Amino acid sequence: MKRVITIQDFSCLGRCSLTAALPVISAAGVECCGLPTAVLSNHTGLPGSHIKDLTEEIKPIGEQLKRLGVRFDAIYTGYIANAGQMEIIKEFIAEFRGQDTIVFVDPVMGDNGRMYSALTEDYPEKMRELCAVADVITPNITEACLMLGLDYDKYDTKEMLFELKKLCAGTAVITGVESKTEGTVLTGAAAYDGERFYEEYALKQPVLCSGTGDLFTAALAGAIMRGTGFERALKAAVSFCAESARLTAADPDRREYGVNFEQALSGYMEEISKP
Ligand code: PXL
């Protein structure tokens, strides 16, 4: 069985980061280890948050994992608690990266044109440097604009993908891309691997929740590590997020802090299990 380690925060409440990545990657049939960058009472999209930064713990955890002789088939980074952690995480990647290790960097920084409240000005530049060691990067449009210094209101998806591709060694993916056909609004992801463009869309739902990007990258990474080819993995990740958003919109008791992904897991598993 493939083994992934995901490095991101543990938000006790919020259905994001580790609480999203662990169930999705496990559902893909891939072992998922977690290295928390911080513990938060709740994600920073809610009013107030108690945060315990774990910067000092990352290195000793890595050293102990090294003593155990553990290897990872993939390393997947998400929300990093501060810009200073980025160097330590780059060292972790260098230490654990083998010839076939796939490095996924989700440059979690913001949404709807704005950077998350707990992050600092130097964060996008540091994130660009982390993307340089990645095989797959998965920014949303806000994060792509922050890293490329582009205006959130005026972007061209293909041009942005060309520029993002220059930041990493492998494949650049942008999430939250919209497409309109005959009055229907679709949302999904576009990607460029240096040779081919990919696009996958599904019906846009009237929900705006934190954690959707985390679920997307987890679903993409889980499917790729399971052995599903990139194109099908992209499709499965878009369908999974769309179905989670649909279930959220249909839930009269919906909790605005995150999407209802739990009941979409069986469909995701089915989709990536098809021969
Ligand atoms: O889902 C992105 C995310 C992850 N982790 C933390 C967050 C957010 C978004 O608000 O605050 C701590």
Side-chain angles (χ1 to χ4, degrees), residues 4-25 32 34-55 57-58 75-86 88-89 104-121 123-124 126-127 130-131 134 136-147 152 173-176 187 189 205 207-222 237-238 240-242 244-245 248 254-262 264:
V4 175
I5 185 158
T6 180
I7 308 175
Q8 45 187 328
D9 67 281
F10 189 101
S11 284
C12 302
L13 179 82
R15 284 167 154 165
C16 67
S17 309
L18 283 174
T19 59
L22 284 159
V24 175
I25 293 172
C32 188
L35 202 173
T37 54
V39 177
L40 291 88
S41 51
N42 51 270
H43 66 55
T44 61
L46 289 168
S49 183
H50 173 75
I51 306 178
K52 174 72 182 165
D53 184 296
L54 297 176
T55 305
E57 313 306 322
I58 299 172
I75 303 170
Y76 153 30
T77 72
Y79 184 95
I80 292 168
N82 61 64
Q85 271 188 2
M86 233 84 78
I88 302 171
I89 291 170
F104 296 85
V105 171
D106 183 2
V108 180
M109 280 188 286
D111 223 335
N112 305 311
R114 299 185 54 194
M115 194 149 82
Y116 293 136
S117 58
L119 307 179
T120 51
E121 289 281 302
Y123 201 90
K126 291 278 174 209
M127 195 53 100
L130 184 62
C131 285
V136 182
I137 60 171
T138 57
N140 61 26
I141 290 161
T142 303
E143 291 153 354
C145 289
L146 282 167
M147 286 197 292
Y152 180 66
V173 182
I174 309 180
T175 63
T187 185
Q205 299 290 334
V207 287
L208 256 187
C209 286
S210 291
T212 314
D214 304 351
L215 290 166
F216 173 87
T217 306
L220 184 75
V238 169
F240 171 60
C241 291
S244 302
T248 313
R254 81 194 214 200
R255 299 166 188 148
E256 304 291 341
Y257 53 71
V259 282
N260 297 23
F261 71 88
E262 296 82 354

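Predicted model, so just to flag it, every value in this text is computed and none were measured. Just follow the structure's listing: the first ligand is 1, and inside any ligand the first atom is 1.
Inter-residue side-chain proximity for Tyr76 and Thr217 is flagged as met; some heavy-atom pair is nearer than 4.5 Å. A 4.5 Å side-chain heavy-atom check between Val173 and Phe216 finds at least one atom pair inside the cut-off. Residues Tyr257 and Asn42 are not in side-chain contact: their nearest non-hydrogen atoms beyond the backbone lie 4.5 Å or more apart. Annotation: side chain of Asp111 is in contact with side chain of Tyr116 (closest heavy-atom distance under 4.5 Å). For the pair Ile80/Lys126, no side-chain contact is recorded, criterion being any heavy-atom separation below 4.5 Å from C-beta on. Within the 4.5 Å cutoff, the side chain of Cys12 has no heavy atoms near those of the His50 side chain.
For ligand 1, the atoms closer than 4.0 angstrom to any heavy atom of Gly45 are 10 (O). Within ligand 1, the atoms closer than 4.0 Å to a non-hydrogen atom of His43 are 6 (C), 7 (C), 11 (O), numbered from 1 in the order shown. The contact set between ligand 1 and Ser17, taken as ligand atoms under 4.0 Å from a residue heavy atom, comprises 4 (C), 5 (N). Contact atoms of ligand 1 toward Leu40: 12 (C) (distance under 4.0 Å to a heavy atom of the residue). Of all atoms in ligand 1, numbered sequentially from 1 with element shown, those under 4.0 Å from a heavy atom of Val108 are 2 (C). Remark: ligand 1 atoms within the under-4.0 Å shell around heavy atoms of Gly211 are 1 (O).
No N or O atom of Tyr79 sits closer than 3.5 Å to an N or O atom of ligand 1. Polar contact check, Asp214 against ligand 1: a nitrogen or oxygen pair lies under 3.5 Å apart.
Partner of Tyr79 under the side chain to side chain contact (heavy atoms under 4.5 Å, CB included) criterion, chosen from Asp106, Asp214, Leu119: Leu119.
In terms of protein heavy-atom proximity, atom 12 (C) of ligand 1 is closest to Asp9 OD2, 3.5 Å. Atom 9 (C) of ligand 1 has as its closest protein heavy atom Tyr116 CZ, 3.4 Å.
Here the side chain of Ser49 pairs no donor or acceptor atom with the backbone of His43 at under 3.5 angstrom.
When non-hydrogen atoms are compared, ligand 1 lies under 4.0 Å from the side chain of Ser11 (C-beta onward) but not from its backbone.
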